[in-house]
Amino acid sequence: MRVEPRRSNVPWRGCRSIFLLPTSGRPGTGGRTMDHADNSDLEAMDIAVEPTDAVAYELARLRHSCAHLMAEAVQDLFPDAKFGIGPAIEHGFYYDFDLPRPLAPDDLEAIESSMRSNQARREPFSRQVVSRDEALRIFAENPYKVELIRDLPADEIITTYRQGEFLDLCRGPHVDTTGDIGPFKLLSIAGAYWRGDEKRPMLQRIYGTAWRSQDELDAHLERLQEAQRRDHRRLGRELDLFSVSEEIGPGLILWHPKGAMVRYLVEQFEQQEQLARGYDLVNTPHIASEKIYQISGHLETFRENMYAPMSIEEVDYYLKPMNCPGHIMIYKSRVHSYRDLPIRFAELGTVYRYERSGTLHGMLRVRGFTQDDAHIFCTVDQVVDEVRSVIDFAIHMAGVFGYEFQAYLATRPTKAIGSDEVWERATTDLIRAMQERGWSYKIDEGEGTFYGPKIDIKWVDALGREWTGPTIQVDFNLPERFDVNYIAEDGERHRVAMIHRTLLGSMERFVGGLIEHYAGAFPVWLAPVQAVIIPITDGQIEAAEDVKRQLERAGLRVEVDTSRDRMQAKIRNAQLQKVPYMLVIGKREEVARAVAVRPRSGPDLGAMSIDDFLAIVQPRIASHSLTLSDLDGTEA
RNA sequence: GCCGACGUAGCUCAAUUGGCAGAGCAGCUGUUUUGUAAACAGCAGGUUGCGGGUUCGAGUCCCAUCGUCGGCUCCA
């Protein structure tokens with residue numbers, strides 16, 4: 001199975017990654033993972049699908065045909081257009097064009113309507129085998145196609161496909177006629193570097209989606225809208241969770257009280273879990289002198305992501321981009337016996353990294369973030385066990401937040417420190433740990449860190465989107481560079497192994513993801529406000545305040561809505577704020593010393609005593625339940 | 001950083017071909033004291049992102065800049 005590297009600034013859009021058919025009979029490519037320059041394969045393959053899945057195959061064929069249909073329309077509109085590649089991708093397709101002018105939204109409509117009339121014409125797709133020279137002659141006017149042809153393996157059978165007036169270099173296969181393409185919609189225009197290389201020309205890319213039936217298309221468009229409704233930037237403002245300020249700077253998150261409460265609850269929970277698993281908490285400074293980053297190799301390999309140094313008494317100091325050097329220095333502050341190991345240092349460590357302006361995205365891609373970072377110092381023999389227990393920990397955390405997950409093994413990048421043997425060993429250890437855990441994993445070729453390979457765990461959220469979050473890295477390199485040792489049974493110094501890991505990734509990205517995962521409706525244990533008490537008239541404010549005090553004594557986060565809105569408006573506001581419980585108090589409840597409980601998710605539970613309400617809520621808080629009452633088993 | 005689009009009140013949006021910058025919600029004040037998703041009225045709110053330019057006159061046209069959005073590249 002071959003995996004295309006993810007390319008997107010939005011972490012979950014990584015699910016755009018696609019799977020290619022095995023390239024039987026193509027020497028030199030079997031089993032090789034695609035790299036960024038491998039788009040020629042994409043074009044040659046054209047159809048990109050999970051090999052086992054017939055439906056996916058059919059969809060991909062249809063979508064790739066739709067890309068051709070779109071290219072035909074673009075050619076009509078821009079006779080001078082030069083064509084790049086137009087593969088099927090997950091949920092749709094795109095095609096890259098070199099056009100004489102920028103596309104505008106109106107163009108999409110024109111292209112779409114031209115596509116529809118060509119679709120109605122039911123133009124057949126016809127395949128021709130051509131020689132390399134013929135192919136070069138046919139596409140002589142088109143430098144991109146020429147490049148693709150030149151890069152094809154010598155024994156490649158070169159084919160073209162024609163429908164109507166449009167002829168394309170293409171391996172196919174296609175549907176029989178344009179009439180078989182099914183309902184489609186063009187979605188967006190974007191720039192994209194030719195062959196993904198930022199040094200090469202930028203082409204205009206049109207994204208579209210196509211399905212077998214109108215119902216499937218409608219469902220997909222509905223999913224896109226749902227994703228928009230869940231956008232954490234929108235919910236972050238509406239629920240008053242966080243903001244960014246141009247004056248403070250882009251990519252720097254301001255956590256408002258409610259967002260900070262969610263973060264605090266996540267952090268507190270995780271810290272407790274860590275302490276229960278033999279971690280020690282540490283703290284390290286936000287800046288450090290250049291000396292440490294010379295030793296670590298950061299200045300060598302990570303400098304472009306680091307902020308410019310500040311000079312303090314003629315020594316350059318850097319904002320820390322990672323927490324590892326600090327933890328290493330804590331370890332090294334004294335001699336360690338093999339009996340001490342493993343030592344596990346955990347820190348909610350805030351790091352700053354320069355990210356290019358175009359990559360920033362709400363809380364999901366920022367310039368300052370807090371990692372739930374830990375470094376495990378252990379013997380080489382303990383690595384596999386430790387990695388395995390980190391994996392268990394990660395599974396546990398995923399379950400608490402209701403995520404499915406998928407593991408990726410990221411291997412040695414081009415820019416790396418350390419010998420081949422060391423990398424080999426670290427990679428093998430990671431694979432062993434995953435195998436012993438019974439995990440299947442995919443491979444992200446060359447996506448490891450500069451000091452070691454890693455397991456990236458990607459959450460799959462309620463909408464089926466993937467998020468890069470937790471990461472586990474085995475590192476034999478930094479211990480070497482920092483000369484990190486322990487005294488073994490033989491009385492000699494031995495090198496430690498290090499495991500870097502996060503379980504949630506960063507608090508920014510994790511909470512941002514949580515917002516979208518829960519659509520802002522946090523489970524009651526995470527909700528910044530767990531209950532709003534709604535007095536029906538001013539007469540019940542006192543009773544409401546009294547109830548609030550009782551609930552606060554029981555450890556709940558509660559507000560009283562003392563506004564002069566009518567009850568209906570108060571309920572609406574609480575509902576829009578996605579507060580788990582509304583506790584209505586009118587005259588009847590006041591007299592009965594009760595509250596009428598209305599969960600945001602379900603029907604009114606009627607009036608009950610405070611104790612009865614607590615009996616509903618407290619177990620759910622303690623168990624991190626996703627439900628608010630026995631009546632809603634499925635609320636997410 | 002690159003390609004494209006977009007920046008008007010706290011939020012969502014209006015404003016003919018360049019001709020006095022408006023509405024709803026939120027906010028404040030008053031009236032209403034209300035039974036499960038928006039009571040009524042009034043007031044206030046803006047150097048149209050920032051800086052230049054063209055013009056008698058710029059939210060509108062031009063240039064530059066900052067930011068946002070969709071992608072590309074890169075990443076927790």
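Below, read A as the first sequence line, B as the second, and so on, with proteins coming before strands; counting in each chain starts at 1.
- For A/E198 and A/G251, each mapped to the nucleotide of RNA chain B holding its nearest heavy atom, the one lying further toward the 5' end belongs to A/G251.
- Residue contacts shown for A/G505 are limited to sugar-phosphate atoms, with no base heavy atom under 4.0 Å away.
- Contact annotation for A/A104: no contact, since no heavy-atom pair falls under 4.0 Å across all strands.
- Between the side chain of A/W423 and the backbone N or O of A/I417, at least one donor-acceptor pair lies under 3.5 Å.
- As the counterpart of B/U68, B/A5 is assigned, both hydrogen-bonding distances of the Watson-Crick or G-U wobble pattern falling under 3.5 Å.
- The distance from atom CD1 of A/I189 to atom P of B/C6 is 11 Å, rounded to the nearest whole Å.
- Separating the C1' atom of B/G30 from that of B/G35 is a span of 25 Å, rounded to the nearest Å.
- Within 4.0 Å (heavy atoms only), A/S357 reaches at least one base atom of the nucleic acid.
- Residues A/R195 and A/Y193 have side chains that never bring a donor and an acceptor to within less than 3.5 angstrom of each other.
- Nucleic acid contact class of A/E355 (heavy atoms, under 4.0 Å, all strands): base.
- For the pair A/M582 CE and B/A38 P, the computed distance is 13 Å after rounding to whole Å.
- Judged by atom type and distance alone, A/R509 reaches the base of B/C75 through a side-chain donor-acceptor pair under 3.5 Å.
- If you check B/U33 for Watson-Crick or wobble pairing at under 3.5 angstrom, you find it has no partner at all.
- Put simply, OH on A/Y581 is 19 Å from C1' on B/A37, counting in whole angstrom units.
- Following rounding to the nearest Å, A/R195 (CZ) and B/C2 (C1') show an atom-to-atom distance of 19 Å.
- The residue among A/D538 and A/P250 whose nearest nucleotide of RNA chain B is located toward the 5' end is A/D538.
- Judged purely by atom type and a 3.5 angstrom limit, A/Q540 uses its side chain to pair as donor or acceptor with the backbone of A/T537.
- For A/R598, counting side-chain heavy atoms from C-beta on, the closest listed nucleotide (B/C66, B/U36, B/A38) is B/U36.
- Partner assigned to B/G27 is B/C43, using Watson-Crick or G-U wobble distances below 3.5 angstrom.
- For the 3.5 Å distance criterion, the side chains of A/Q225 and A/Q228 fail to qualify, holding no donor opposite an acceptor.
- To the nearest whole angstrom, the two C1' atoms, one in B/C62 and one in B/C69, are 24 Å apart.
- Residue-level contact check: A/R564 touches the bases, meaning some heavy atom is under 4.0 Å from a base atom.
- In a base pair of the Watson-Crick type (N1 to N3 plus N6-O4 or O6-N4) or a G-U wobble (N1-O2 and O6-N3), with each distance short of 3.5 Å, B/A14 is matched with no nucleotide.
- When the C1' atom is used for both B/C13 and B/U17, the distance is 23 Å, rounded to whole Å.
- Residue A/Y207 and nucleotide B/G71 are not classified as a stacked aromatic pair, given the requirement of ring centres less than 5.5 Å apart at an interplanar angle below 30°.
- Nucleic acid contact for A/V351: none, since no nucleic acid atom lies under 4.0 Å from a heavy atom of the residue.
- The side chain of A/R353 lies closest to B/A76 when the candidates are B/A76, B/G70, B/A38.
- Distances from the side chain of A/R588 to the nucleotides B/C72, B/G35, B/G4 place B/G35 closest.
- Distance, A/M567 CE to B/A37 P: 7 Å, rounded to whole Å.
- Among the heavy atoms of the strands, none lies under 4.0 Å from A/Q473.
- Without hydrogens or angle criteria, A/Y581 side chain to A/L628 main chain gives a donor-acceptor distance under 3.5 Å.
- With a cut-off of 3.5 Å on both Watson-Crick or G-U wobble distances, the partner of B/G57 is given as none.
- Rounded to a whole angstrom, the distance from the C1' atom of B/G45 to that of B/C2 is 40 Å.
- For A/A596, the listed nucleotide lying nearest its side chain is B/U36; candidates were B/A76, B/U36, B/C72.
- At the heavy-atom level, A/K570 lies nowhere under 4.0 Å from the strands shown.
- Put simply, the side chain of A/T370 never gets that close to the backbone of A/G349: no donor and acceptor are under 3.5 Å apart.
- For the C1' atoms, the distance linking B/C74 with B/A37 amounts to 44 Å, nearest Å.
- Nucleotides B/U65 and B/G52 place their C1' atoms 10 Å apart, quoted to the nearest Å.
- In this model, no donor atom of one side chain and acceptor atom of the other lie less than 3.5 Å apart for A/Y354 and A/R303.
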